[in-house]
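In what follows, a single structure is set out as structure tokens and then discussed.
These numbers come from the heavy atoms of this one structure, side chains and all, not from hydrogens, waters or symmetry mates. All figures in this text were calculated on a predicted structure; none of them were measured in a lab. By convention here, the first residue in the shown sequence is residue 1.
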Amino acid sequence: MEINLQFPGINLISLKEAPIHISSQIQPHGVLLVLEEPELKILQVSTNTLKIFGIAPENMLHKKLEDLLDPFQIERIKTGLSGENLDFINPTKVWVRKKGDEYVVFDAIFHRNTEGFLILELEPALTQENIPFLSFYHLARASINQLEKTANLRDFCQVIVQEVRKITEFDRVMLYKFDDDGHGSVVAEEKLESLEPYLGLHYPESDIPKPARKLFAANSIRIIPDAYSQPVKLFPVNNPISDRPINLTNSILRSAASCHTEYLHNMGVGASLTISLIKDQKLWGLIACHHQSPKYVSYELRKACEFLGRVIFAEISAREETEDYYHRINLTHLQSILIEYMSQEENFIDGLVKNPQHLLDLGSAQGAAVCFGGNCTVVGETPREEDLNFLVQWLKNNVEEEVFCTDSLPQIYPDAESFKNVASGLLAIPIAKRNYVLWFRPEVIQTVNWGGDPNKAFEVNQSEGNVRLCPRKSFELWKETVRLTSLPWKDVEVKAALELRKAIVNIVLRQADELAQLAQDLERSNAELKKFAYVASHDLQEPLNQVVNYVQLLEMRYSEELDEDAQEFISYAVQGVSLMQTLIDDVLAYSKVDMQAIAFQMNDVETSLMRGLGNLRQRINETGATITHDPLPVVMADSTQLMQLFQNLIGNAIKFHSDQPPQIHVGAERIEDAWLFSVRDNGIGIDPKFSDRIFVIFQRLHTRDEYTGTGMGLAICKKIVECHRGRIWVESELGEGATFYFTIPVGGRELERRNGRKTQNHLFGRGQ
């Protein structure tokens with residue numbers, strides 16, 4: 001139910017969308033008969049037959065049409081009814097005997113409704129002859145010639161209303177165009193000078209509600225010759241076969257809804273003629289003709305106006321498309337450039353923003369953002385990154401279309417009001433889950449002229465237990481200042497964004513295939529390299545052992561015969577072999593980190609830390625190092641690799657100590673879906689420019705004379721962390737110590753540490 005504070009408890013939607021096509025009343029200037037085929041038996045008839053034919057309606061029921069018309073006319077009608085398209089016999093001139101030898105001439109119009117009943121409508125004929133084809137042709141041709149001389153679309157619309165008014169001689173003729181939200185505006189007008197102008201005024205959606213727009217779309221021409229006439233009922237009210245009111249959607253005589261006739265009265269309109277303008281099977285607008293007094297227009301002349309309206313509107317559509325043509329060509333050119341850029345780059349985002357203006361021009365926007373993988377790349381004027389992240393989350397939860405656009409984002413996403421100056425309008429295309437390309441337009445404050453206050457577009461009348469809508473009585477100029485709205489997005493711009501989305505998706509899928517193939521190739525190559533490193537390192541151990549053994553045997557047997565230089569040379573050889581063995585051991589350790597798939601288990605980090613410190617006990621005692629730690633969690637990891645990780649990091653902290661005894665602290669902190677560990681020391685520190693280099697295999701910042709080692713320790717740490725789907729980095733300055741950080745993702749349900757644990761535990765004190 002639509003809630004309105006003015007009318008609490010009243011279902012406004014049901015009132016606005018009342019089924020006005022189901023009616024039991026018609027306008028009194030004609031006669032309506034509901035016939036059953038094939039006998040053409042009269043099932044229902046309007047109650048004005050006594051006045052027009054001189055026959056009471058009850059006396060016409062259950063008779064056949066041939067009782068009313070002569071056999072010649074009946075034969076001609078049945079021949080026409082045998083065809084599928086009844087337009088070929090509409091209108092048919094018929095003569096009905098009134099009294100004695102007096103005949104009345106009518107225009108007979110036939111149609112079949114959705115229920116399968118044949119409906120015959122009889123309107124008084126102004127002439128006894130149909131309009132000759134040549135007269136109709138010249139009528140239309142004169143108007144078309146005038147249109148061909150007009151280049152501007154607005155002037156073109158003005159020519160339409162001038163020509164229609166010339167043909168129909170109505171006091172006012174307007175071209176009324178619907179907007180996307182259902183309200184409409186007068187884009188062209190031709191009238192008597194004495195009448196108040198309506199040109200440029202906007203009218204709310206409730207002036208022509210959805211049921212009325214549906215009828216206008218189904219029945220392209222509609223006349224009310226006397227807005228003050230009293231409708232006449234059908235007899236009987238319900239159809240005797242269906243036992244319900246007849247569907248008069250396509251009826252030309254159907255009585256107007258009371259709300260509409262009141263609306264015409266309030267505007268001072270005595271007669272109206274409406275011609276529907278249809279584009280892409282939707283109601284684009286109306287040619288609305290108003291007269292201050294009753295005015296009848298013959299069926300043939302109305303059809304001439306309808307035809308003229310269709311021909312003219314076809315030209316309007318063509319000219320609208322022509323105006324969009326060059327814009328569309330330009331957008332297509334921009335698409336091809338962006339697609340070429342994306343195809344040339346490893347990352348499609350780099351191609352999209354290679355020339356930022358191209359991306360902006362594609363959406364005729366002042367700002368754009370490519371939000372992919374949790375990061376937003378922006379060009380032009382856009383909301384802040386934090387606002388973009390929330391907006392993307394909102395789009396993910398609320399939008400399922402392949403393309404989404406709005407010219408008033410704050411009305412549907414209230415948080416957007418804070419950045420209305422850059423993004424009151426939004427055009428968005430999803431690339432994948434939580435990934436979007438966005439275009440933004442700023443707020444444009446504008447004044448809209450309304451024909452009456454749109455906030456008081458109707459009234460609700462509650463009398464004698466009945467509730468109905470009543471139109472407003474005031475149509476005076478009412479100005480509204482519109483805020484939180486951007487310029488609207490054109491269809492060609494939305495389609496261009498949709499085409500770009502298809503191209504991006506194809507490129508992303510292709511790059512994903514290429515990356516998958518590359519990953520497969522790298523995995524195979526890495527597996528071969530790991531196997532080679534393991535085998536080579538293992539096989540090198542035996543010959544090295546032989547070298548060591550024979551050199552030491554040589555030293556033992558011939559020590560007395562060797563001079564001092566020979567002894568020194570042998571010492572160098574033994575040291576070199578020892579270094580080589582250490583290097584091989586480190587290479588073996590490095591290659592074995594992810595040599596085999598490891599089934600991670602829940603492990604107590606403190607247990608792994610204690611094992612690593614146990615292996616470093618001698619070096620801790622020698623340097624007088626003090627190691628402390630925070631309460632440590634239980635994580636999903638390999639306990640041996642975790643022990644090796646702490647051993648290498650703490651071992652480095654001890655090795656590269658300053659003049660002061662090493663002070664080392666192991667920290668642990670929960671961040672989002674991972675644990676962040678840190679190893680902080682008070683050592684000599686690292687130059688920040690080497691913060692990435694130190695994790696590369698065999699990289700050293702010092703000579704072996706200064707510090708022993710192979711340069712493999714931190715490379716092993718990096719590989720261990722990456723195998724656990726984490727990352728490792730260092731923050732340090734020379735002379736100020738270093739802090740190594742690494743993350744371990746949370747896996748499974750974490751086990752709680754026992755309560756009452758102190759914030760820091762001292763594992764080893766100086767001299768221990």
Side-chain angles (χ1 to χ4, degrees), residues 179-181 323-342 348-372 375-396 398-399 401-413 415-431 434-446 482-505 507:
D179 207 342
D180 292 336
D181 62 1
E323 285 192 351
D324 288 339
Y325 174 75
Y326 293 107
H327 189 29
R328 186 165 61 248
I329 291 297
N330 183 50
L331 294 182
T332 302
H333 177 63
L334 289 173
Q335 284 176 30
S336 62
I337 293 176
L338 290 171
I339 291 171
E340 183 178 358
Y341 284 166
M342 288 188 293
F348 81 93
I349 299 175
D350 296 334
L352 269 181
V353 300
K354 185 174 183 179
N355 187 329
Q357 194 59 45
H358 286 161
L359 183 60
L360 295 175
D361 289 346
L362 187 74
S364 298
Q366 290 185 256
V370 185
C371 298
F372 199 87
N375 297 314
C376 288
T377 304
V378 301
V379 297
E381 299 179 5
T382 68
R384 298 175 305 161
E385 183 174 358
E386 180 181 4
D387 292 326
L388 286 175
N389 290 333
F390 284 121
L391 176 59
V392 166
Q393 184 66 32
W394 179 82
L395 287 169
K396 173 180 173 290
N398 295 276
V399 176
E401 296 86 355
E402 290 185 339
V403 61
F404 169 80
C405 69
T406 175
D407 60 1
S408 187
L409 181 61
Q411 291 187 13
I412 55 177
Y413 178 61
D415 290 348
E417 188 169 352
S418 64
F419 49 82
K420 62 187 172 102
N421 292 336
V422 295
S424 284
L426 171 67
L427 173 61
I429 52 173
I431 306 305
R434 296 192 66 178
N435 299 319
Y436 289 85
V437 179
L438 312 170
W439 288 270
F440 304 104
R441 286 181 178 173
E443 177 186 38
V444 177
I445 300 175
Q446 55 185 321
V482 178
R483 300 180 183 275
L484 304 177
T485 301
S486 73
L487 294 176
W489 304 94
K490 295 182 178 179
D491 287 341
V492 290
E493 294 162 348
V494 175
K495 290 177 182 177
L498 189 58
E499 290 300 317
L500 182 66
R501 176 186 181 274
K502 294 177 183 177
I504 293 175
V505 170
I507 289 172

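Between Phe419 and Phe440, a ring centre-to-centre spacing not shorter than 6.0 Å is recorded.
Checked by atom type and distance alone, the side chain of Ser408 pairs as donor or acceptor with a backbone atom of Leu484 at under 3.5 Å.
Between Glu402 and Arg501, the shortest heavy-atom contact is O-CD, 3.3 Å. The two atoms that bring Val403 and Pro430 nearest to each other are N-CD, 4.5 Å, heavy atoms only. Ala497 and Leu427 get closest at one heavy-atom pair: CB-CD2, 3.9 Å.
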Q: Give the intermediate values and the outcome of side-chain contact (heavy atoms from CB on, under 4.5 Å) for residues Met342 and Leu500.
A: CA-CA 11 Å; Met342 288 188 293; Leu500 182 66; 4.0 Å; yes

Q: Could you please spell out the steps behind the side-chain contact (heavy atoms from CB on, under 4.5 Å) verdict for Leu359 and Val370?
A: CA-CA 10 Å; Leu359 183 60; Val370 185; 4.3 Å; yes

**Q.** Residues Val422, Gln366; criterion side-chain contact (heavy atoms from CB on, under 4.5 Å); working and verdict
**A.** CA-CA 8 Å; Val422 295; Gln366 290 185 256; over 6 Å; no

**Q.** Residue pair Ile429, Trp439: steps toward the side-chain contact (heavy atoms from CB on, under 4.5 Å) verdict
**A.** CA-CA 9 Å; Ile429 52 173; Trp439 288 270; 3.9 Å; yes

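Every residue meeting the side chain to side chain contact (heavy atoms under 4.5 Å, CB included) condition with Glu493, not counting sequence neighbours, appears here in chain and number order: His327, Leu331, Ser364, Arg441, Trp489, Lys490.
By the 4.5 Å heavy-atom criterion applied to side chains, Leu388 and Leu438 are counted as neighbours.
Judged as a salt bridge (Lys or Arg N to Asp or Glu O under 4.0 Å), the pairs with a partner in residues 416-430 (not counting sequence neighbours) are, in order, Lys420-Glu443.
Ring-plane geometry between Trp394 and Phe404 is classed as perpendicular, the angle between the planes exceeding 60 degrees on a 0 to 90 degree scale with a lower cut at 30.
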